Number of protein chains: 2
Amino acid sequence: MDSKIKTTKAGKPPRSAEATKARILEAAKKEFAKNGLAGARVDVIAERSLNNKRMMYHYFESKDKLFQMVLEQAYVDIRTAEHKLSLETLEPKEALEKFVRFTWDYYLKHPEFITLVNSANLHRAKHLKGSEVVKMTNRKLVSLVGGILDRGVETGAFRKGVDPVQLNITIAAIGYYYLTNRFTGSIIFERDLMEKAALDDRLAFNIETIMRLVCA
Amino acid sequence: MDSKIKTTKAGKPPRSAEATKARILEAAKKEFAKNGLAGARVDVIAERSLNNKRMMYHYFESKDKLFQMVLEQAYVDIRTAEHKLSLETLEPKEALEKFVRFTWDYYLKHPEFITLVNSANLHRAKHLKGSEVVKMTNRKLVSLVGGILDRGVETGAFRKGVDPVQLNITIAAIGYYYLTNRFTGSIIFERDLMEKAALDDRLAFNIETIMRLVCA
DNA sequence: TCAGAAACGCACTAACCAGTTACTTGGTTA
DNA sequence: TAACCAAGTAACTGGTTAGTGCGTTTCTGA
């Protein structure tokens with residue numbers, strides 16, 4: 001009718017498949033993280049992504065497929081962030097401490113990662129079964145920590161015989177458990193586990209735990 | 001019509017409020033553990049408990065209240081089992097190792113405990129807010145571990161300054177995380193985390209982790 | 001033995017919710 | 001400029017789900 005310049009109705013973003021998909025994925029991540037897979041509402045996801053529900057089904061077949069995409073993206077995101085740490089360039093002890101610190105900080109800044117993984121496990125990880133990209137990125141993680149461990153043994157900083165997979169699991173565990181159970185934990189232990197001081201204490205304790213575990 | 005002896009229609013248990021409540025609670029525990037709070041179906045719980053759904057609402061007001069009861073019972077059960085260990089009678093190191101071992105075995109034998117706690121945390125522990133019994137039983141747990149720790153410091157077996165709450169959290173964490181994430185973990189690390197050998201390895205690793213953390 | 005209470009069960013409902021049908025709008029290109 | 005296709009929308013559907021209304025059976029004690 002009027003001009004041909006690229007504008008749209010007030011407030012609405014311009015038409016773009018990529019942008020729409022990204023908005024849906026972001027809204028879905030929040031909704032799934034907040035309410036779990038069964039508790040999440042597709043109508044809410046559609047509304048929050050400024051989209052019609054039909055679009056969701058156009059780009060992502062079903063609620064389950066959408067969850068699968070959200071989950072895969074979450075794994076790629078954390079593994080990408082880990083990779084950017086460039087731990088290979090640091091001394092073994094320094095590298096390991098930085099990794100423990102990073103893991104903690106990442107969980108703290110991205111609580112949705114934890115909740116998504118919990119949901120995935122409630123469904124026996126069926127949404128992750130086919131994902132080659134997840135396997136590949138995780139392989140890199142194990143060899144990253146394995147590399148630090150090997151270098152540390154060489155320099156005499158670390159003791160021999162520590163399984164890198166067990167170490168990986170333990171580093172994740174001591175942060176993940178504290179944060180995923182922060183609500184029940186705060187009631188059970190009758191102290192606010194999310195207070196600044198409490199969080200600092202926990203990080204220090206976790207670094208101590210890991211250092212004592214691997215140091216010679 | 002016929003006799004007055006206490007029999008009922010074939011297969012049906014005799015009328016008993018206590019038995020009915022217990023059956024509902026047991027069925028609910030399984031259903032909530034398997035599918036989470038939102039994913040659980042009250043019809044399934046009613047059917048599995050050999051009961052009519054009406055009974056469920058008679059004894060437990062609502063789905064949420066039922067979940068609350070199941071959760072509270074789960075905490076009481078684990079804390080009761082812990083208490084039966086009589087750790088006060090053992091040497092500090094022995095007591096601590098036994099406790100780590102117990103925690104692991106309990107999670108392994110009662111996977112529903114883990115899933116219920118996860119569900120509770122997804123809902124920000126609102127189902128646990130009022131429960132005095134949960135607070136009380138957990139207070140005993142902290143003082144139990146704290147007692148072992150103190151005795152160990154006295155005998156020179158353990159170092160000073162370890163926070164009993166942090167230690168408690170860590171002991172739980174290294175078992176809990178491995179088991180709650182066993183499905184995604186088995187995919188990510190490309191090995192079956194639930195194989196007998198893998199489970200034995202993990203327990204040994206966990207004992208090592210805790211011993212190195214607290215020993216002088 | 002009978003009255004009342006407590007255990008039990010059928011059949012229903014109103015709201016909800018994942019997924020669909022049938023359509024309009026807008027941008028690109030031949 | 002017209003034809004085509006991708007982006008976008010509203011209204012709907014059929015099955016599901018938590019929760020109830022109301023009647024029946026069984027037990028207890030006076």
Side-chain angles (χ1 to χ4, degrees), chain A residues 1-25 27-28 31-32 34-70 119 123 126-127, chain B residues 1-25 27-28 31-32 34-70 119 123 126-127:
Chain A
M1 276 282 154
D2 33 333
S3 70
K4 283 192 177 184
I5 51 166
K6 289 195 182 179
T7 50
T8 50
K9 281 174 278 180
K12 293 254 170 164
R15 285 193 169 204
S16 153
E18 283 315 307
T20 299
K21 274 196 251 183
R23 280 204 320 280
I24 293 171
L25 234 28
E31 177 68 6
F32 284 133
K34 194 178 177 191
N35 301 310
L37 179 47
R41 297 292 158 244
V42 294
D43 294 76
V44 171
I45 295 170
E47 200 183 349
R48 295 273 164 82
S49 65
L50 305 173
N51 258 122
N52 191 281
K53 191 165 46 161
R54 197 66 192 80
M55 283 292 92
M56 220 197 71
Y57 283 96
H58 183 237
Y59 291 120
F60 311 89
E61 209 169 326
S62 70
K63 192 186 181 185
D64 273 86
K65 284 271 167 59
L66 178 59
F67 179 75
Q68 206 169 307
M69 291 297 115
V70 167
S119 282
H123 294 87
K126 71 168 178 179
H127 302 91
Chain B
M1 274 284 153
D2 33 333
S3 70
K4 284 191 175 183
I5 52 166
K6 289 195 181 178
T7 50
T8 49
K9 280 173 279 179
K12 293 253 171 166
R15 284 195 168 203
S16 154
E18 283 315 306
T20 299
K21 275 197 248 182
R23 280 204 321 278
I24 292 171
L25 235 27
E31 177 68 6
F32 284 134
K34 195 179 177 190
N35 301 310
L37 179 47
R41 297 290 159 245
V42 294
D43 295 75
V44 171
I45 295 170
E47 200 184 348
R48 295 275 164 82
S49 65
L50 304 174
N51 257 121
N52 193 282
K53 190 166 47 164
R54 197 73 192 75
M55 284 294 91
M56 219 197 71
Y57 283 96
H58 183 238
Y59 292 119
F60 312 88
E61 210 169 326
S62 69
K63 192 187 181 184
D64 273 85
K65 284 271 166 61
L66 178 58
F67 179 76
Q68 207 170 307
M69 291 297 115
V70 167
S119 282
H123 294 87
K126 72 168 177 180
H127 302 91

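Just so we're clear, the structure is a prediction, and the values are computed from it rather than from any experiment. These numbers come from the heavy atoms of this one structure, side chains and all, not from hydrogens, waters or symmetry mates.
- Tested against A:I24 for a side chain to side chain contact (heavy atoms under 4.5 Å, CB included), the candidates A:H58, A:M69, A:M56 yield a single pass: A:M56.
- Across all strands shown, B:A40 has heavy atoms under 4.0 Å from sugar-phosphate atoms exclusively, and none from any base.
- The interatomic distance linking B:F67 (CZ) with D:dA18 (P) rounds to 14 Å, in whole Å.
- Protein atom CZ of B:R41 is 12 Å distant from nucleotide atom C1' of D:dG15, rounded to whole Å.
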Legend entry - Residues A:F67, A:S119; criterion side chain to side chain contact (heavy atoms under 4.5 Å, CB included); working and verdict: CA-CA 10 Å; A:F67 179 75; A:S119 282; 3.7 Å; yes

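- The listed nucleotides are D:dA18, C:dA7, C:dC17; the one nearest the side chain of B:A17 is C:dA7.
- For D:dG8, the OP1/OP2 oxygens have a side-chain nitrogen or oxygen of A:T20 closer than 4.0 Å.
- Contacts with DNA chain D (heavy atom under 4.0 Å) in residues 51-60 of chain A: A:N51, A:N52, A:R54, A:M55, A:H58, A:Y59, listed by number.
- Put simply, CD on A:E18 is 14 Å from P on D:dA6, counting in whole angstrom units.
- Panel note: side chain B:E31, backbone B:R41; a donor-acceptor pair is recorded below 3.5 Å.
- The minimum heavy-atom distance linking B:D64 with B:H127 is given by the pair OD2-NE2, 2.7 Å.
- Rounded to whole angstrom, the span from the CD atom of B:E31 across to the P atom of D:dA18 amounts to 9 Å.
- A side-chain donor-acceptor contact under 3.5 Å links B:K63 to the backbone of B:L37.
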Legend entry - Steps toward side chain to side chain contact (heavy atoms under 4.5 Å, CB included) verdict (A:K65, A:Y57): CA-CA 10 Å; A:K65 284 271 167 59; A:Y57 283 96; over 6 Å; no

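- One atom, CG of A:D64, and another, P of C:dC17, lie 16 Å apart when rounded to the nearest Å.
- Regarding A:K63, its NZ atom lies at a distance of 17 Å from the C1' atom of C:dT20, rounded to whole Å.
- In this structure, the CG atom of B:L50 is 18 Å from the P atom of C:dA7, given to the nearest Å.
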Inset, instruction - Show your working on side chain to side chain contact (heavy atoms under 4.5 Å, CB included) between B:L25 and B:L66 and close with a plain yes or no. - result: CA-CA 8 Å; B:L25 235 27; B:L66 178 58; 3.9 Å; yes

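- Distance, B:D43 CG to D:dT20 C1': 13 Å, rounded to whole Å.
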